[in-house]
Amino acid sequence: MYVLHYSPSTASLVIHWMLIELDQPHELRRVDLAANEHKTAAYLALNPSGVVPTLVIDGAPVCEAAAIALHLADVHAEANLAPPVGTLARARYYQWMFFMANTLQPAYRAWFYPDEPAGAAHAAHAKAQARARIEAAWQQVEAQLAHGGPYLLGEQLTAVDFMTTMLMRWSRNMPTPAHTHPRLGAYAQRMKARPAFREVYRREGLTDWT
Ligand SMILES: N[C@@H](CCC(=O)N[C@@H](CS)C(=O)NCC(=O)O)C(=O)O
C-alpha cells in the first residue's frame with residue numbers, strides 16, 4: 001500500500017501523477033507547508049530533509065522525487081515506463097533523470113528559495129544565476145527533443161517524461177518559460193493531454209498551465 005505525503009503543486013506532483021497513471025491505489029496525506037508541518041518531528045522521522053514528497057511503501061518511507069519515480073517505473077514494469085536494465089536506452093534514462101534531479105531541481109531550488117545559496121543579502125544575485133542555469137538547461141532539453149521524440153528518450157514514454165513535465169511547469173511564471181521553446185511546447189501539450197495529468201490537476205485543485 002502506498003501513502004503519499006504531498007503538497008499541491010510541488011515536487012510531489014510527479015509521484016501523485018505517476019500513481020494515477022499506473023492506476024495504483026494510494027492514500028494521500030497533505031503536508032501543510034505554510035504551517036511548517038514538514039518540519040515537525042513526526043514528518044522529519046519520515047523525511048529528514050523536511051521536504052515533500054515522501055512515499056511510504058508498505059510502512060517504509062522513501063524520499064527524493066526522482067528516486068521514487070524510478071522505483072515506481074521498475075516495480076510496475078507492465079506500464080513500460082523504464083527501458084530494460086543494462087541497455088543503452090537505460091543509460092540515457094538515468095542520464096536524463098539525473099540531469100533533472102542534479103541540474104534542474106537545484107537551480108529551481110535556488111530560484112524559489114533564493115536566500116539559501118548565500119543568504120538574503122545575495123538573493124537577487126542567486127536568483128539571476130539560477131535563472132541562467134534553468135534557461136541553459138531547458139535549451140539542452142530542447143536540443144535533445146530535436147533528436148527525435150515524441151518523448152525525451154524517443155519513442156518510449158518513460159518516468160523521465162513525468163519528471164520533465166513537472167519541472168517545465170515550474171518555469172511557467174518565469175521570464176522565459178520552458179514551454180516557449182517550440183519542441184518543448186509541443187512536448188508539454190502531449191504530456192498534458194494524458195488523462196492522468198488532468199486527473200492529478202483535478203485532485204490537487206490546480207488550474208494554471210493547462
Ligand atoms: N530533492 C527533493 C526536493 C524536494 C523539495 O525541494 N520540495 C519542496 C517543494 S517543491 C519542499 O518541500 N519545500 C519546503 C521546504 O523546503 O521548506 C526531492 O526531489 O524530493
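Counting starts at 1 for both ligands and their atoms, following the listed order.
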>> Just to verify, which of L46, L72, N47 counts as forming a side-chain contact (heavy atoms from CB on, under 4.5 Å) with L55?
In response: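 For L55, the side-chain contact (heavy atoms from CB on, under 4.5 Å) check succeeds only for L72.
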
Less than 3.5 Å between some nitrogen or oxygen of [X] and one of ligand 1, yes or no?
{"X": "A65", "value": "yes"}
{"X": "Y113", "value": "yes"}
{"X": "Q105", "value": "yes"}

> Which of parallel (below 30°), tilted (30 to 60°) and perpendicular (above 60°) describes H179 and W209?
Replying inline: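 Judged by the thresholds at 30° and 60°, the geometry between H179 and W209 is tilted.
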
Could you tell me the residue and atom name of the protein heavy atom closest to [atom], and the distance to it rounded to 0.1 Å?
{"atom": "atom 6 (O) of ligand 1", "result": "R109 NH1, 2.9 Å"}
{"atom": "atom 7 (N) of ligand 1", "result": "V52 O, 3.0 Å"}
{"atom": "atom 9 (C) of ligand 1", "result": "T10 CB, 3.7 Å"}

> Is the closest side-chain donor-acceptor distance between R169 and S9 under 3.5 Å?
Replying inline: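 Yes, because at least one side-chain N or O of R169 sits under 3.5 Å from a partner of the opposite role on S9.
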
> Cut-off 3.5 Å, side chains only: do T54 and Y43 have a donor facing an acceptor?
Replying inline: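 Side-chain D/A pair, T54 to Y43: present.
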
> Are any of the heavy atoms in F112 under 4.0 Å away from ligand 1?
Replying inline: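 Flag not set, F112 not near ligand 1.
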
>> Just to check, does P53 reach to within less than 4.0 Å of ligand 1 when the distance is taken from its heavy atoms?
In response: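 Checking ligand 1 against P53, which is what was asked, there is a heavy-atom contact under 4.0 Å.
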
>> So if I count the atoms of ligand 1 from 1 in the order they appear, which ones are less than 4.0 Å from some heavy atom of A11?
In response: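 Close to A11: 10 (S).
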
> Would a hydrophobic clustering, with Ile, Leu, Val, Met, Phe, Trp and Tyr connected at side-chain separations under 4.5 Å, put W138 with V14?
Replying inline: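 Yes, W138 and V14 fall within the same hydrophobic cluster.
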
>> As a check for students: among E64, H38, E116, identify the option with a heavy atom nearest to atom 1 (N) of ligand 1.
In response: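 The nearest heavy atom belongs to E64.
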
> Does the cation-pi check pass for R109 over Y113, that is, NZ or CZ under 6.0 Å from the six-membered ring centre and within 45° of its axis?
Replying inline: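 Cation-pi check for R109 and Y113: passes.
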
>> Counting the benzene-type ring for Trp, do F99 and W96 have ring centres under 6.0 Å apart?
In response: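 F99 vs W96: aromatic centres under 6.0 Å.
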
